[in-house]
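I have placed the structure first, in the form of structure tokens, so that the comments after it can refer back to it.
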Amino acid sequence: MNDDYLFMARALRLAENGMYTTTPNPRVGCVIVGDGRTVGEGWHEKAGSAHAEVAALKRAGGAARNATVYVTLEPCSHQGRTPPCADALIRAGVGRVVVAMRDPNPVVSGAGIQRLRDAGIAVECGVLESQARELNVGYVSRMTRGKPWMRVKIASGLDGKTALENGASQWITSVQARRDAHRWRARSCAIMTGIGTLTEDDPRLTVRDVQTSRQPLRIVVDSRLRAAPESKIFAGGGVLVATASSDVTKIARITDVGAEVLVLPDQHGKVDLQRLVTELAARGINEVLVEAGINLHTALLRAAAVDELLLYYAPKLLGAGGRGMFDLGGLTSMDGVPELDITEMRRIGPDIRLRARLSN
């Protein structure tokens with residue numbers, strides 16, 4: 001039915017209201033329709049608060065009986081921080097539930113839908129599924145792959161250079177592009193950088209140009225624990241330093257400023273990046289925005305830990321001596337060139353924002 005797509009699109013827009021706040025939970029929206037009109041709407045705001053279905057049922061009241069419910073993710077069937085949403089829908093006496101996608105969480109997947117059907121409620125699944133999956137790409141990744149969605153953000157000139165030969169890079173892109181990048185920071189559960197960027201730029205990596213009640217976890221990949229305790233990133237806490245060093249003196253120097261140190265060495269004395277992303281998933285991290293330099297970019301790519309590139313191209317040329325995005329070594333055949341799928345290209349002020357995903 002065309003109305004199904006219309007109301008589900010509205011539910012997806014409602015889900016976006018939780019873009020910056022729901023982590024580690026998924027972003028979910030719900031619309032309840034009775035006699036052809038909307039009688040209740042809701043969205044999940046943050047972990048521990050009412051789920052989208054419950055918020056919408058509260059607004060609908062008695063009008064929810066025999067109504068059609070549009071929800072962007074399968075209603076939960078288990079007791080978590082809040083009671084099962086499937087049970088709330090059954091108690092409300094709804095007549096039909098339209099679901100955009102099944103919940104990839106193995107604790108839920110299919111069980112919520114089955115509980116509704118067992119109660120005699122008609123359930124349809126798959127309306128605007130691809131849009132729903134995209135909205136929760138990190139949550140889906142964590143549940144199905146055991147790792148967060150890793151998004152590498154890079155600003156460069158049109159020649160792909162991220163800094164001048166002397167390292168100068170502020171500012172390549174426009175104010176508009178930098179403000180847009182803060183929205184990607186805000187939706188991320190964590191922001192990752194490397195010791196090189198920390199040493200050269202001393203960034204805070206906080207969300208500043210977007211209204212949000214939550215700051216992402218900040219992660220520093222620092223194999224030898226060279227980070228200076230007075231670095232701006234340590235102000236205010238909420239920092240994880242991943243290292244290969246077991247030096248107790250260096251570790252104490254970092255923990256004394258309120259940061260957590262995670263020792264994950266690989267066989268080469270570097271941080272084991274695959275173990276790191278697995279650990280982040282175990283902590284409920286859905287999306288990671290990487291803002292680093294060529295060394296960490298390359299290491300993540302080689303570790304198969306990059307899912308998406310978020311590229312901001314400024315209408316500038318930085319020259320052949322400028323720094324690149326990745327060090328791919330001496331490639332001698334096109335067979336070894338990483339291939340990308342471009343999923344979006346948009347003008348942001350004078351710059352171009354391009355999103356591309358690593359081809360499977």
Between [X] and [Y]: side-chain donor-acceptor atoms closer than 3.5 Å:
| X | Y | answer |
| --- | --- | --- |
| Asp180 | Gln176 | no |
| Tyr70 | Asp4 | yes |
| Thr206 | Arg208 | yes |
| Asn25 | Tyr139 | no |

| field | Residues which pass side chain to side chain donor-acceptor pair (under 3.5 Å) with Asp307, listed by chain and number, not counting sequence neighbours | value |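 Result, side chain to side chain donor-acceptor pair (under 3.5 Å) vs Asp307: Arg145.
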Do [X] and [Y] have side-chain heavy atoms sitting under 4.5 Å apart?
| X | Y | value |
| --- | --- | --- |
| Thr23 | Arg214 | yes |
| Val290 | Met150 | yes |
| Val69 | Arg96 | no |
| Val288 | Cys189 | no |
| Asp247 | Ile251 | no |
| Asn286 | Pro148 | no |
| Ile121 | Val94 | yes |
| Cys76 | His51 | yes |

Short question: side chain of [X], backbone of [Y] - any donor-acceptor pair under 3.5 Å?
| X | Y | value |
| --- | --- | --- |
| Ser231 | Phe234 | no |
| Lys316 | Ile172 | yes |
| Gln274 | Ala303 | yes |
| Lys147 | Ala281 | no |
| Arg178 | Thr173 | yes |
| Thr212 | Ala186 | no |
| Asp201 | Pro203 | no |

| said: Using salt bridge (charged side-chain N to carboxylate O under 4.0 Å, His left out), reason through Arg59 and Glu41 one step at a time and then give a plain yes or no. | reply: CA-CA 7 Å; Arg59 291 179 173 89; Glu41 294 185 337; over 6 Å; no
| request: Describe, in one word, how the ring planes of His297 and Phe326 are oriented to each other, choosing from parallel (under 30°), tilted (30 to 60°) and perpendicular (over 60°). | output: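 If you compare the ring of His297 with that of Phe326, the planes turn out tilted.
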Calculate, to the nearest 0.5 Å, the distance between atoms [atom1] and [atom2] belonging to [X] and [Y] respectively.
| X | Y | atom1 | atom2 | result |
| --- | --- | --- | --- | --- |
| Glu53 | His44 | CD | NE2 | 10.0 Å |
| Asn295 | Asp327 | CG | CG | 8.0 Å |
| Leu296 | Ile294 | CG | CD1 | 11.5 Å |
| Cys85 | Asp103 | SG | CG | 10.5 Å |
| Met143 | Asn136 | CE | CG | 10.5 Å |
| Glu279 | Ile219 | CD | CD1 | 10.0 Å |

For residues [X] and [Y]: do they belong to one hydrophobic cluster (side chain heavy atoms under 4.5 Å, members Ile, Leu, Val, Met, Phe, Trp, Tyr)?
| X | Y | value |
| --- | --- | --- |
| Leu310 | Ile154 | no |
| Tyr313 | Trp171 | no |
| Val123 | Val98 | no |
| Ile191 | Leu262 | no |
| Leu205 | Val207 | no |

Closest non-hydrogen atom pair, [X] against [Y]:
| X | Y | value |
| --- | --- | --- |
| Thr21 | Ser213 | CG2-OG, 3.9 Å |
| Thr193 | Ala292 | OG1-CA, 3.9 Å |
| Ala92 | Leu57 | CB-CD2, 3.6 Å |
| Cys125 | Ile113 | SG-CD1, 4.1 Å |
| Ala320 | Lys161 | O-NZ, 3.7 Å |
| Pro75 | Leu116 | CG-CD1, 4.1 Å |

Does [atom1] in [X] sit with more than 12 non-hydrogen atoms of other residues, nucleotides or ligands closer than 6.0 Å?
| X | atom1 | result |
| --- | --- | --- |
| Arg204 | CZ | no |
| Arg253 | CZ | yes |
| Leu158 | CG | yes |
| Glu339 | CD | no |
| Lys270 | NZ | no |

| request: Compute both the distance and the angle, then confirm whether Arg142 meets the cation-pi test with Trp149: under 6.0 Å from the six-membered ring centre, within 45 degrees of the axis. | output: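 No cation-pi geometry.
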| said: Set out, in order, the CA-CA distance, both residues' side-chain angles and the distance that settles salt bridge (charged side-chain N to carboxylate O under 4.0 Å, His left out) for Glu260 and Arg283, then state yes or no. | reply: CA-CA 13 Å; Glu260 179 185 358; Arg283 295 177 179 222; 2.7 Å; yes
| Can you name the salt bridge (charged side-chain N to carboxylate O under 4.0 Å, His left out) partners of Arg102, sequence neighbours left out? |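 Here no residue qualifies.
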Taking distance alone, no hydrogens or angles, what donor-acceptor pairs closer than 3.5 Å link side-chain atoms of residues 27-38 to residues at least two apart or in another chain?
| unit_1 | atom_1 | unit_2 | atom_2 | d |
| --- | --- | --- | --- | --- |
| Arg27 | NE | Met19 | O | 3.2 |
| Arg27 | NH1 | Leu135 | O | 2.9 |
| Arg27 | NH1 | Glu287 | OE2 | 2.9 |
| Arg27 | NH2 | Met19 | O | 3.2 |
| Arg27 | NH2 | Arg187 | O | 3.0 |
| Arg27 | NH2 | Glu287 | OE2 | 3.4 |

